[in-house]
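Quick note on labels: first sequence line is chain A, next is B, and so on, each numbered from 1.
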2 protein chains.
Amino acid sequence: MTPAPGPARSHTATLTDVARLAGVSVATASKALNGRSQVRAETRQRVIEAAERLSFRPNQLARGLLAGRTGTVGLLTSDLEGRFSIPILMGAEDAFGAGEVAVFLCDARGDAIREQHHVRALLGRRVDGLIVVGSRTDPRPSLGRDLPVPVVYAYAPSDDPADLSIVPDNVDAGRIAVEHLLACGRTRIAHITGDPGYLAARDRADGAREALAGAGLDFVGEPRFAEWSEGWGRAATAMLLEGHSEVDAVLCGSDQIARGVIEVLRERGHRVPEDVAVMGFDNWQVLTSASRPPLTSVDMNLEQVGRAAAQALFGAIDGIPRSGVETLPCRVVIRGSTAHLS
Amino acid sequence: MTPAPGPARSHTATLTDVARLAGVSVATASKALNGRSQVRAETRQRVIEAAERLSFRPNQLARGLLAGRTGTVGLLTSDLEGRFSIPILMGAEDAFGAGEVAVFLCDARGDAIREQHHVRALLGRRVDGLIVVGSRTDPRPSLGRDLPVPVVYAYAPSDDPADLSIVPDNVDAGRIAVEHLLACGRTRIAHITGDPGYLAARDRADGAREALAGAGLDFVGEPRFAEWSEGWGRAATAMLLEGHSEVDAVLCGSDQIARGVIEVLRERGHRVPEDVAVMGFDNWQVLTSASRPPLTSVDMNLEQVGRAAAQALFGAIDGIPRSGVETLPCRVVIRGSTAHLS
DNA sequence: CTGTTAGCGCTTTCAC
DNA sequence: GTGAAAGCGCTAACAG
């Protein structure tokens, strides 16, 4: 009368089995395997051997039940296909994987209901904490203050300042991008970027303008906002060249836009980088390295965002909470599409 | 004397709390909440209200401990950054998320040691099953036959035929690609593809050649194997045009290669698709839709691979194991880069 | 219909 | 040093 038509689980070895085989009590077996000091060396050895023979793995469920801590965390993403979630997720997985923490992955598909459902499920599994990964840097609704476990928001900050959020510093990203172009001797810099509804687009533009102002300059023409696409990069470049043929650098809001920009520049006989330097954001390898010339780009250090979020969560679990929005610096990755004026 | 400097867990409500508040025994509370029939309606109501007031969530650890089933599975990837793992992972997450199963994500970073470590950790957490996601379609070492839970391999098949593997049908993919080109009236078809060390490259070429043979044709020139890159696409096209200017279609081993091919074709004054049709594999949106013209490509249906793997795992957990390598069909996504000859 | 009892696998006092 | 016993939160027998 087996409980179910279930799997032929050949009774995974339990501590009781180990203890019996070693001829000791479960208590002693437990102590022996967990390195407790109150065990005779010879006994410990016998237990360890028994455990090995049975390929015993302690049941973490039972442990967690007792300890009140499960060594698991929930990773809640809103869109897995988006390419920003993945590096963050990798960073987090990395930081956790090093320790003894396992990660539950849940994708809410951008749906609040689904998200709520996942949160409840995760809490039922008694995760020790939650990381919420957004797909854009605009603030998102907080999960609330009354959760029984700490939460860290990554990439997309929570709209509640009492929560802790870790995000890349897009303003600074715009700043260092322009600084690089200035260092290359460029002074007539245009900006072609993406959807103005994205905070990232506005932040980058703001930072860039700030850096220009610091050098007593401004953009050539107004920044052009529209779409994060190659097509827009092409269209905007055509327009730009008509009004401002004196341009010597184009800062693009994304690598995709930059690809389009470069393409049209070359078609129109402008050499990159000799005549016009081009740089993008995101440092998306498949685009940057296949570009002709390879594309200089600002890397948002997303893996680091993930790692930092994981570490912050650790801290919060251990009772050292932080709050507010913390930003992480980005970095310029220099390739052939920008170069010093000779 | 709290157990640890741990989180200020304000004592998450337990079934005992609910029972006390409702004025019944834990057993009755359990029955009431789980829809067991032997409870008076009025009592059940009282328990449910109590549970709600305490925002009680049943502890899945305790449940799992008792049931011998945890409702969790492990998803073992070898390279998260690779773009093939993600859709598969999404499909699997999707199929599971619909039910009551939670997914542990582990990335082995292509390292066998790390993988082994993750497997042990997952078994310790008593997952009900494992999905192993590879990053290429070449067979990979089996995790072994003596695991206490069922395993399904996705994308990369196991080298042990006793295991169950779900993979896209690359031979058929090559076949349907050529059939599409033939349907477009093309007969002088060249093949530029990636690393010959990849089974996927060889399979696709084999399938393509088979379909050509069926029409009494063969490739124009020998298939050119080298790298999965735009750069190789460009170089190979230059070579191709020298020896075989009569070509009227190029089947590319990947979308990246196709992008390079199209670029050089256009530079050399060949119209796409009027003079030469071009198609790729993978249907990687960012590349296919930004291409000029948009790129026809073979989609490997990876989400479906993930979903199928999840379903197969369900089956195996319920005691209906399968084995061997099962292939799933791919599909041609037609865009502007291929067109009927007028 | 409801409550008592036992036990899932493990760790932890506390006697011996 | 070692073992007996209690209990983490829950469900499933079995009594009442």
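Atom-to-atom, CG of A:Leu33 to C1' of D:dG1 comes out at 16 Å; the value is rounded to the nearest Å. Taking atom CG on B:Leu66 and atom P on D:dT11, their separation rounds to 8 Å, with Å as the unit. Straight-line distance from the CG atom of B:Leu15 to the P atom of D:dG7: 17 Å, rounded to whole Å. Rounded to a whole Å, the CG atom of A:Leu65 is 13 Å from the P atom of C:dT12.
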Nucleotide N/O of nucleotides 3-6 of chain D paired with protein N/O under 3.5 Å:
from  : atom 1 : to      : atom 2 : distance (Å)
D:dG3 : OP2    : A:Ser25 : N      : 3.0
D:dG3 : OP2    : A:Ser25 : OG     : 3.4
D:dG3 : OP2    : A:Thr28 : OG1    : 2.8
D:dG3 : O6     : A:Lys31 : NZ     : 2.5

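Using a cutoff of 4.0 Å between basic side-chain nitrogens and carboxylate oxygens, A:Glu81 and B:Arg83 are not scored as salt-bridged. Under a 4.0 Å N-O distance rule, the pair B:Arg109/A:Asp94 qualifies as a salt bridge.
Residue A:Glu100 places its CD atom among 12 or fewer non-hydrogen atoms of other residues, nucleotides or ligands, all under 6.0 Å distant.
For the pair A:Lys31/A:Arg44, no side-chain contact is recorded, criterion being any heavy-atom separation below 4.5 Å from C-beta on. Put simply, the side chain of B:Thr72 does not reach to within 4.5 Å of the side chain of B:Val103, judged on heavy atoms. In this structure, the side chains of B:Leu122 and B:Cys106 come closer than 4.5 Å at one or more pairs of heavy atoms.
Within residues 36-49 of chain A, the residues approaching DNA chain D are A:Gln38, A:Val39, A:Arg40, A:Thr43, by heavy-atom distance under 4.0 Å. Only A:Phe56, A:Pro58, A:Asn59, A:Ala62, A:Arg63, listed by number, bring a heavy atom of residues 56-63 of chain A to less than 4.0 angstrom from any atom of DNA chain C.
B:Ser85 contributes atom OG, which lies 13.0 Å from atom CE of B:Met90 (distance to the nearest 0.5 angstrom). With rounding to the nearest 0.5 angstrom, the CD atom of A:Glu93 is 5.5 Å from the CG atom of B:Asp107. Residue B:Ile131 holds its CD1 atom at 11.5 Å from CG of B:Leu105, rounded to the nearest 0.5 Å.
At D:dT11, one or more side-chain N or O atoms of B:Ser30 fall inside 4.0 Å of OP1 or OP2 (strictly under the cut-off). Between A:Thr14 and C:dC10 there is a side-chain N or O to OP1 or OP2 distance below 4.0 Å.
By the 30° and 60° cut-offs, the orientation of the rings of B:Phe96 relative to B:Phe314 is perpendicular.
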Subject >> Criterion side chain to side chain donor-acceptor pair (under 3.5 Å) on A:Asp163 and A:Ser142, from CA distance to verdict >> reply: CA-CA 8 Å; A:Asp163 291 325; A:Ser142 172; 2.5 Å; yes
